[in-house]
Structure formats: structure tokens, C-alpha cells
Amino acid sequence: MARIAYDGRDAAAFEASRHLSDHGLAAWRAAVDRHLSPGPCTRLLDLGAGTGMWAGAFTTWYPGMEVIAVDPSAAMRARCSHPNVLAGDAADIPLADAHVDAVWVSTVIHHVPDLAAAAREVRRVLRPGGRVLIRSAFAGRHEAISLFRYFPEAVRVLDTFPSVADVEAAFATVGMATVSFEPVPQVTSPSLRELAAGLRREAHTPLQLITDDDYAAGLARLHRAVEVAEAPVIDALDLLVLR
Ligand SMILES: C[S@@+](CC[C@H](N)C(=O)[O-])C[C@H]1O[C@@H](n2cnc3c(N)ncnc32)[C@H](O)[C@@H]1O
């Protein structure tokens with residue numbers, strides 16, 4: 001069970017407001033390039049692929065790569081732009097043993113109820129020596145994510161997410177260890193004004209899980225800040241790579 005419903009409303013909000021521009025994706029491409037050297041027959045699993053932004057990006061970045069998207073939410077799969085999308089979740093991946101060369105897991109790990117079971121299943125579908133790339137906001141790491149400045153009550157929600165150490169411990173049980181951990185600064189929006197105009201509460205787990213009053217107070221803070229901030233909004237999520 002995910003922390004939020006990922007029903008039609010959440011899926012529509014996610015699709016409308018959480019896709020990064022090519023500019024926003026550029027830093028991630030550079031980061032991924034440091035850890036993957038895909039050949040023409042490389043297979044990548046996008047686990048918890050949602051509406052398919054990353055599956056599409058990997059397909060564009062690495063011509064010839066086979067990208068398999070898996071997601072448990074029928075509403076997210078229905079809006080997934082990637083043609084190869086299957087029903088499944090982190091503890092039940094509908095792929096054969098050692099089927100993929102790499103696994104991409106973006107802003108999903110906090111929805112996984114049993115990290116050890118997920119680590120076992122990811123290890124099963126991954127070829128020996130393959131890498132898992134986890135993109136996430138981890139517990140304790142809100143400082144570089146702008147929304148938490150305006151919605152400080154949401155930090156309490158973030159701090160219930162798995163920490164880096166929690167994820168490393170789960171993967172250690174299947175013999176996988178960290179090869180890299182780095183914050184990746186991304187351009188989330190060209191300006192705070194555009195971010196505020198497009199913000200959809202349903203698209204952000206930490207904003208769904210604060211009270212309505214806290215959300216309203218945060219929105220007021222954000223709209224006040226819009227008046228003085230002109231710069232692009234840069235957020236750093238983390239990339240944890242395990243092998
Ligand atoms: C925040 S969205 C991220 C979507 C996509 N990875 C992205 O970064 O654009 C989280 C996704 O995780 C999926 N999800 C929830 N629980 C999951 C689980 N146990 N295993 C795999 N995916 C899960 C949801 O259905 C949703 O599509």
C-alpha cells in the first residue's frame with residue numbers, strides 16, 4: 001500500500017505538475033551517465049514508473065536500450081507515456097530472474113512497505129553485477145528541497161520516509177552495497193512564480209499528509225515569496241547507487 005492513493009486524481013496532478021523539462025532532466029542524465037554504460041541491448045527496469053517521464057527519458061538518452069516500466073497503480077499506468085508498462089510492485093516484479101541490467105527507482109522508496117522484500121525482489125530480477133539507482137528525498141534531507149522552506153510542517157512527513165541508512169541496510173541483506181551517493185541539483189521550475197502557479201497538492205506525498213491548515217499557511221508563504229524571487233527553482237534530490 002502506497003502512502004497516498006495514486007488514484008485518477010493523484011495521477012492527473014502528477015502528470016500535470018511533476019514532469020521535469022529537458023533542462024531539469026539534464027543534471028540527472030549527467031549523473032546517470034556516471035553509473036551506467038549501456039550498450040544497445042541493455043535492459044532497464046523503471047520500478048514505480050508512474051506516468052513514464054523517466055522511462056521516456058532513458059529511451060531518448062540511450063537509443064536501443066529496452067526500458068520496462070512497472071507500477072502498481074492502474075491510474076498511473078493508464079497515464080504512463082511509455083508503451084512497455086506492466087502491473088507489479090517492488091515486492092512482486094513480473095520479470096524473470098536476472099532479466100535486467102539496471103533498476104531505476106525514482107521517488108518510490110518511501111511507498112515501499114517492506115524494504116527487505118523489495119531488495120530481495122530487485123536482486124532477483126537484476127543480473128549479477130547490475131546496479132540499482134535510487135532517486136529520492138530521504139529522511140533528514142529536506143534542506144535542499146525548496147517546497148520544505150514554505151511547508152516546514154511537511155518535514156515531519158519526510159522524516160518518516162526511509163533514510164539512506166535504512167535503504168542501505170535492506171540492500172545489504174542481499175549482498176548489495178553503496179557505490180555512490182550524491183545530491184543532484186535539478187532545475188525544478190524556471191521561477192518560483194511558475195512553480196506556485198502549477199503546484200498541485202495531490203502530486204506531493206508530504207503535502208497530502210499535512211493538515212489543511214498547514215497546507216493553507218504554506219501556500220500563503222509561497223505566494224508571498226513569489227513577489228520577491230525571480231531565479232529558477234533548484235532542488236537537490238539524492239541519487240543512491242548500489243551494486
Ligand atoms: C512519486 S510517484 C513517482 C513516479 C516516477 N517514478 C517518477 O519519478 O516520476 C511514486 C510511484 O510509485 C508507485 N508505487 C507505490 N507503491 C509502490 C511499490 N510498493 N512498488 C513500486 N511502486 C510503487 C506509485 O504507484 C507511483 O506511481
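Every number for a ligand or one of its atoms is a count from 1 in the order of the listing. If you're wondering where the values come from, they're calculated on a predicted model, not measured in any experiment.
Ring centers of Tyr6 and His111: under 6.0 Å apart, within the cut-off.
Within the structure, side chain to side chain donor-acceptor pair (under 3.5 Å) contacts touching residues 44-56 (residues at least two apart or in different chains) are His19-Thr51, Trp54-Ser106. Counting only residues at least two apart or in different chains, side chain to side chain donor-acceptor pair (under 3.5 Å) contacts with residues 76-90 comprise Glu15-Arg79. For the side chain to side chain donor-acceptor pair (under 3.5 Å) condition, the pairs that include at least one residue of residues 209-224, sequence neighbours left out, are Arg201-Asp212, Thr211-Asp214.
Closest of all the heavy-atom pairs between Ile210 and Phe151 is CD1-CD2, 4.1 Å.
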Identify all N/O pairs between ligand 1 and the protein with a separation under 3.5 Å and present them as a table of atom names and distances.
from     : atom 1 : to     : atom 2 : distance (Å)
ligand 1 : 6 (N)  : Gly48  : O      : 2.7
ligand 1 : 6 (N)  : Ser106 : O      : 2.8
ligand 1 : 8 (O)  : Trp54  : NE1    : 3.2
ligand 1 : 8 (O)  : Ser106 : O      : 3.2
ligand 1 : 8 (O)  : Ser106 : OG     : 2.6
ligand 1 : 8 (O)  : Thr107 : OG1    : 3.2
ligand 1 : 20 (N) : Ala90  : N      : 3.0
ligand 1 : 25 (O) : Asp71  : OD1    : 2.7
ligand 1 : 27 (O) : Asp71  : OD1    : 3.4
ligand 1 : 27 (O) : Asp71  : OD2    : 2.6

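At least one side-chain heavy atom of Phe138 sits less than 4.5 Å from a side-chain heavy atom of Leu240.
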